[in-house]
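Taking it in order: structure first as structure tokens, then the write-up.
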Amino acid sequence: MLLVQKNQLVHLLANALNAIAQERGLAAGEFPIPHLERPKAVDHGDVACNIALQIAKAWKANPRELAQLIVARLESSPEYQNLISSSDIAGPGFINFRLSQHAKSVVVQMILNDRNRFGRRDRSGVQDASMPTRAMIEFVSANPTGPLHVGHGRQAALGDALANLMDSQEIKVHREFYYNDAGVQIHNLAISVQSRLKGLSPVSSDWPKDAYNGEYIAEIAQSYQSEQKDENDLEAIRKFAVAYLRKEQDIDLKTFGIRFDEFYLESSLYSDGSVQKVIEDLASVDKTYEADGALWLKTTLDGDDKDRVMRKSDGSYTYFVPDVAYHINKWSRGFEKVINVQGSDHHGTIARVRSGIQGVAQKRHWAIPTTYPDYVLHKMVTVVKDGAEVKLSKRAGSYVTLRDLIEWSGGVHAQMSVTERELALQRGRDAVRFFLISRKADTEFVFDVNLALQQNDENPVFYVQYAHARICSILQQWGGEQNNLSAANLDLLDSKAADHLLRRLAEYPEVLANAAQDLAPHAVAFYLRDLAGDLHTFYNADRVLVDELDLKLARLALLSACRQVLENGLKVLGVSAPSKMWSIERNGVISFSILMRVR
């Protein structure tokens with residue numbers, strides 16, 4: 001049932017209740033907004049409502065009799081008659097509604113008309129007060145101390161999908177990457193490269209304890225040395241190494257199909273005085289104190305289990321202090337809605353960052369919500385290949401890189417041509433993005449590389465893309481003008497399989513709206529898998545290219561609408577919608593096929 005139809009039925013229910021209330025001498029509007037839900041059993045109808053049970057006691061009425069009164073009122077409305085074909089009262093007072101065939105099939109017409117805009121919030125509609133008009137999503141935000149790892153990949157997939165979801169609700173989204181280019185880790189990076197320049201390696205006895213061991217450090221040193229730079233100038237080494245790794249990370253992000261509107265440097269918060277100003281503001285509202293040679297923030301005032309050190313005895317700041325300054329900067333730039341996508345290891349910093357923000361807000365008389373910013377925390381990703389966990393990458397030294405995962409999942413190998421490699425990387429990108437979004441962020445995920453390479457219904461991204469390609473093949477064999485399908489007689493879509501597919505298509509706008517509201521892009525992946533399943537069931541149950549012209553056009557229109565929604569949903573997840581499937585043979589040759597018999 002389309003969201004607009006749900007809203008229409010809720011409005012009709014409210015009118016009926018107001019009329020009944022007036023007859024009983026009750027005040028209009030003194031009842032909860034009727035809630036509609038899809039019955040668990042298809043035979044019970046398209047949508048159900050329990051409003052009679054909710055208000056029966058307050059209205060001193062028998063719930064079943066009240067439900068009968070509501071239905072009688074509804075049936076007097078022509079608008080209701082066009083929307084609902086029948087209704088019945090079940091149990092103690094549940095009202096089950098069945099949509100008219102026209103109301104069910106109108107979704108096809110809407111999709112064919114709206115095309116890539118189907119599912120997006122109507123710009124002319126009433127703005128949902130719970131949703132912002134503008135938002136920032138900060139994600140990935142990797143330290144420029146090494147290649148991006150699979151955890152960064154999960155952040156990238158989640159953050160980009162969230163941004164696309166927000167965009168679907170007509171929210172202006174700003175994508176931001178925060179570079180932690182200051183602090184101890186950056187110093188360790190510079191020391192690591194300098195050690196390589198001096199001929200040391202991780203097996204050397206005098207290799208620095210906190211140095212990075214990956215082969216990429218040797219690559220940076222070699223590149224630095226090729227430019228004949230001073231190996232004793234640690235600051236020059238630091239700047240070179242950070243720039244080198246930032247460039248490499250940018251290449252990986254581009255390969256993964258991720259873009260950002262802004263890259264914000266942590267170092268700028270020190271150079272422009274933002275960190276110092278935050279310290280001063282917090283001190284001025286008595287939210288800090290000195291103890292044991294350190295400066296502490298009174299985070300217990302905001303519910304933390306203990307106060308936290310802001311400035312250590314050696315004069316350096318703890319890592320959450322620039323985070324406070326950074327979020328004050330976000331607010332000052334007008335971003336009243338901020339979502340941070342981070343690993344679950346950041347959970348402990350949330351309370352102290354929010355506490356610092358509230359202290360600065362108190363000083364500056366800013367009404368910043370106590371829950372600012374929002375967080376989407378994800379758990380770790382375990383990579384499995386050939387049945388065994390992969391823990392190390394030779395190049396990274398201590399973890400599997402995002403680049404490794406994309407190449408493995410796409411079947412990339414050295415013998416490929418440039419074109420074949422590009423196609424393989426696309427396949428790998430699609431698999432990695434879909435897989436990493438296909439589970440709730442707060443659950444651990446096992447990424448099976450062998451599964452990503454499979455071409456069957458066990459591989460979720462292949463299953464969904466195959467549904468799209470299957471429809472493209474049918475439409476191609478038909479060979480007609482798809483724009484003419486909008487004139488098809490959609491009332492002919494009355495089979496059980498078609499009914500299931502129509503229901504699923506109608507859910508899409510609400511799936512997007514709820515996923516955006518709940519910051520849950522995995523819901524879109526779940527939906528696409530279900531939609532693909534309904535498509536495959538319809539294909540096996542109802543022959544499409546039949547001799548009867550009107551029926552053929554109706555079924556082709558349904559398939560065309562399904563294809564559009566599959567494409568729209570995959571785009572939200574940053575995954576391609578291929579018109580044909582392909583595979584890599586053992587000799588490295590790319591082969592294209594639809595892998596089906598058109599019916």
Side-chain angles (χ1 to χ4, degrees), residues 1-108 110 125-126 128 490-491 493-511 513-514 517 523 527 530 534:
M1 188 176 191
L2 287 163
L3 183 57
V4 65
Q5 293 173 330
K6 279 190 174 183
N7 292 337
Q8 183 184 8
L9 183 53
V10 167
H11 176 71
L12 291 170
L13 282 164
N15 287 345
L17 289 166
N18 278 327
I20 296 170
Q22 187 176 8
E23 289 177 353
R24 291 172 169 251
L26 301 172
E30 290 194 358
F31 49 82
I33 297 174
H35 175 69
L36 304 177
E37 60 183 21
R38 185 174 179 176
K40 293 181 179 179
V42 176
D43 293 342
H44 291 173
D46 296 294
V47 68
C49 182
N50 67 347
I51 187 65
L53 292 166
Q54 286 183 279
I55 65 175
K57 184 175 181 180
W59 284 29
K60 298 179 180 179
N62 178 287
R64 190 173 178 87
E65 292 177 358
L66 183 55
Q68 291 171 340
L69 287 174
I70 293 171
V71 170
R73 277 286 177 182
L74 288 171
E75 289 178 344
S76 66
S77 166
E79 188 179 355
Y80 175 83
Q81 296 289 349
N82 290 332
L83 181 65
I84 303 297
S85 64
S86 66
S87 63
D88 62 69
I89 299 166
F94 293 98
I95 307 174
N96 294 327
F97 299 97
R98 293 175 180 80
L99 290 174
S100 67
Q101 183 59 40
H102 174 74
K104 287 180 182 179
S105 59
V106 73
V107 64
V108 173
M110 290 182 63
V126 178
D128 184 351
L490 301 176
D491 288 342
L493 299 173
D494 56 358
S495 71
K496 184 176 180 180
D499 184 70
H500 281 291
L501 192 51
L502 288 169
R503 288 176 182 228
R504 191 75 65 188
L505 292 172
E507 293 173 0
Y508 181 64
E510 192 169 6
V511 167
N514 291 340
Q517 180 73 52
Y527 169 82
D530 290 339
D534 289 338

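Bear in mind the structure is a predicted one, so any value in this text is a computation, not a measurement.
- Y80 approaches S87 most closely through the heavy-atom pair OH-OG, 3.5 Å.
- Atom CG in L12 sits 12.5 Å away from atom CD1 in I70 (nearest 0.5 Å).
- Partners of E65 according to the side chain to side chain contact (heavy atoms under 4.5 Å, CB included) rule, which considers only residues two or more places apart in sequence or in another chain, are N62, Q68.
- Summarising the geometry, atom NZ belonging to K104 is positioned 4.0 Å from atom CG belonging to D499; distances are rounded to the nearest 0.5 Å.
- A side chain to side chain donor-acceptor pair (under 3.5 Å) check over residues 9-19, counting only residues at least two apart or in different chains, returns the pairs H11-N15.
- When the side chain to side chain contact (heavy atoms under 4.5 Å, CB included) test is applied to D491, the partners found at least two apart in sequence or on another chain are Q101, H102, S105, N489.
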In a table with atom names and distances, give each donor-acceptor pair under 3.5 Å that connects a side chain of residues 42-58 to protein atoms at least two apart or in another chain.
{"from": "D46", "atom 1": "OD1", "to": "R503", "atom 2": "NE", "distance (Å)": "3.2"}
{"from": "D46", "atom 1": "OD1", "to": "R503", "atom 2": "NH2", "distance (Å)": "2.9"}
{"from": "D46", "atom 1": "OD2", "to": "L99", "atom 2": "N", "distance (Å)": "2.7"}

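- Heavy-atom neighbours of Q81 CD from other residues, nucleotides or ligands within 6.0 Å: above the threshold of 12.
- The side chain to side chain contact (heavy atoms under 4.5 Å, CB included) test applied to V10 returns I33, P34, L36, not counting sequence neighbours.
- Summarising the geometry of F97 relative to I84, their closest heavy-atom pair is CB-CD1, 3.9 Å, with the distance given to 0.1 Å.
- For R24 against W59, the heavy-atom pair with the smallest separation is NH1-O, 3.7 Å.
- Residues passing the ring pair (Phe, Tyr, Trp, His ring centres under 6.0 Å) test with Y508 are Y527, sequence neighbours excluded.
- Atom CG in D530 sits 4.5 Å away from atom CZ in R504 (nearest 0.5 Å).
- Taking CG from L501 and CG from L493, the interatomic distance works out to 9.0 Å, rounded to the nearest 0.5 Å.
- Annotation: salt bridge (Lys or Arg N to Asp or Glu O under 4.0 Å) contacts involving residues 89-100, sequence neighbours excluded, comprise D88-R98.
- Taking both residues in full, the closest heavy atoms of A27 and A21 are given as O-CB, 4.1 Å, listed atom of the first, atom of the second, then distance.
- Partners of S100 according to the side-chain hydrogen bond (donor to acceptor under 3.5 Å, both in side chains) rule, which considers only residues two or more places apart in sequence or in another chain, do not exist here.
- A distance of 13.0 Å separates CG in L505 from NE2 in H500, rounded to the nearest 0.5 Å.
- In this structure, L2 and V106 have side chains that are in contact, with non-hydrogen atoms separated by less than 4.5 Å.
- For E79, the side-chain hydrogen bond (donor to acceptor under 3.5 Å, both in side chains) criterion is met by Q8, not counting sequence neighbours.
- Residue pairs meeting the salt bridge (Lys or Arg N to Asp or Glu O under 4.0 Å) criterion with at least one partner in residues 4-17, sequence neighbours excluded, are K6-E510.
- In this structure A497 satisfies the side chain to side chain contact (heavy atoms under 4.5 Å, CB included) test together with S495, F538, A541, D542, sequence neighbours excluded.
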